[in-house]
Amino acid sequence: MAGCTSRCRQGVLKLIQSLQRLVSGTLTKDKADDELEMTTVCHRPEGLEQLEAQTNFTKQELQILYRGFKNECPSGMVNEETFKHIYAQFFPHGDASMYAHYLFNAFDTTNNGSIKFKDFVTGLSILLRGTLREKLEWTFHLYDINRDGYINREEMTEIVRAIYDMMGKYTYPALKGDVPQQHVDAFFQKMDKNKDGVVTLEEFVIACQEDETMMRSMQLFENVM
């Protein structure tokens, strides 16, 4: 199947909004029951118990997410084009395409150009309900674009610039071209302890844990969704 249709895009957008209600606690039991009743086809993922054990979502939450995912995207996968379309709706005043591209790649752990339900829900479990260490490790892998186990200045500059572009005028009413690079230089000064030009996972985690401002600047997923 060549990706999701516009109906799928809207469906996945509603799915993400349902997830936000789950996380915030505003999706009550009655509301959850209503969500289940709205689906016309009963989908039950194989290994639901395993997913419940592997994530921080309850069985009911996984059922809601899975039914929405499969009902709106029968292929069982979301491609990058659809993901970008969905993400752009959360940031209408900027260009979210590049950040969505990097975020999609972080979810696409198998690097096959699509996000399956297991990848989707496993990543969200970490980012929304994981420990601080788990969130930082996931964020490190987002910044590690070439997946070589290190973050270099070029990779961090690309992500930081993508975040600025995504936030649009609310982030920089008078952005100068060198602002992202200035932020990257400041990050590296604090993170690259041995001054070898790259940041390791441990350097990243320690620096973020020691500096609250830096951790906010890393734009953890829950703050930009």
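- Side-chain contact between Leu103 and Phe83 is present, with at least one heavy-atom pair separated by less than 4.5 Å.
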Walk me through whether Gln54 and Lys118 qualify under side chain to side chain contact (heavy atoms under 4.5 Å, CB included). CA-CA 10 Å; Gln54 294 169 3; Lys118 181 179 179 180; 3.9 Å; yes
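- Note that CZ of Arg161 is 11.5 Å distant from NE2 of His183, once rounded to the nearest 0.5 Å.
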Please determine whether side chain to side chain contact (heavy atoms under 4.5 Å, CB included) holds for the pair Phe57 and Val121, giving the CA-CA distance in whole Å, both sets of side-chain angles, and the decisive distance to 0.1 Å. CA-CA 9 Å; Phe57 295 120; Val121 77; 3.5 Å; yes
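- The line from CG of Asp165 to CE of Met98 is 9.0 Å long, rounded to the nearest 0.5 Å.
- Using a 4.5 Å heavy-atom threshold, the side chains of Phe204 and Thr139 count as touching.
- Remark: Ile145 pairs with Tyr102, Glu155, Glu158, Ile159 by the side-chain contact (heavy atoms from CB on, under 4.5 Å) rule, at least two apart or across chains.
- Atom-to-atom distance recorded for Leu127:CG and Lys135:NZ is 8.0 Å, nearest 0.5 angstrom.
- Taken to the nearest 0.5 Å, the CZ atom of Arg153 stands 7.0 Å off from the CG atom of Asp192.
- Among residues two or more places apart in sequence or in another chain, the side-chain contact (heavy atoms from CB on, under 4.5 Å) test is passed with Glu202 by Arg133, Thr200.
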List the steps, then state whether side chain to side chain donor-acceptor pair (under 3.5 Å) holds for Gln181 with Asp185. CA-CA 6 Å; Gln181 188 60 54; Asp185 291 342; 3.1 Å; yes
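- Taken from CD in Glu134 to CZ in Arg129, the straight-line distance is 13.5 Å, to the nearest 0.5 Å.
- Summarising the geometry, atom CD belonging to Glu80 is positioned 14.5 Å from atom NE2 belonging to His85; distances are rounded to the nearest 0.5 Å.
- Side-chain contact between Ile151 and Phe140: present, with at least one pair of heavy atoms (C-beta onward) separated by less than 4.5 Å.
- Within a 6.0 Å radius of NZ in Lys84, more than 12 heavy atoms belonging to other residues, nucleotides or ligands are found.
- Between Arg147 and Asn105, some side-chain heavy-atom pair lies under the 4.5 Å cut-off.
- Using a 4.5 Å heavy-atom cutoff, the side chains of Val199 and Phe187 are not in contact.
- The aromatic rings of Tyr66 and Phe117 sit perpendicular to each other, their planes meeting at more than 60°, with 30° as the lower class boundary.
- With hydrophobic clusters built from ILVMFWY side chains whose heavy atoms lie under 4.5 angstrom apart, Leu136 does not share a cluster with Tyr150.
- Contact annotation: the side chain of Tyr99 approaches that of Leu142 to within less than 4.5 Å [non-hydrogen atoms, C-beta and beyond].
- Hydrophobic clustering (ILVMFWY, side-chain heavy atoms < 4.5 Å, transitive): Ile206 and Val198 are in distinct clusters.
- Of the possible polar contacts, none joining the Asp119 side chain to the Asp108 backbone as a donor-acceptor pair under 3.5 Å is found.
- Looking at heavy atoms from C-beta onward, Thr157 lies out of side-chain contact with Phe188 at the 4.5 angstrom threshold.
- Summarising the geometry of Ala96 relative to Ala88, their closest heavy-atom pair is CB-CA, 4.2 Å, with the distance given to 0.1 Å.
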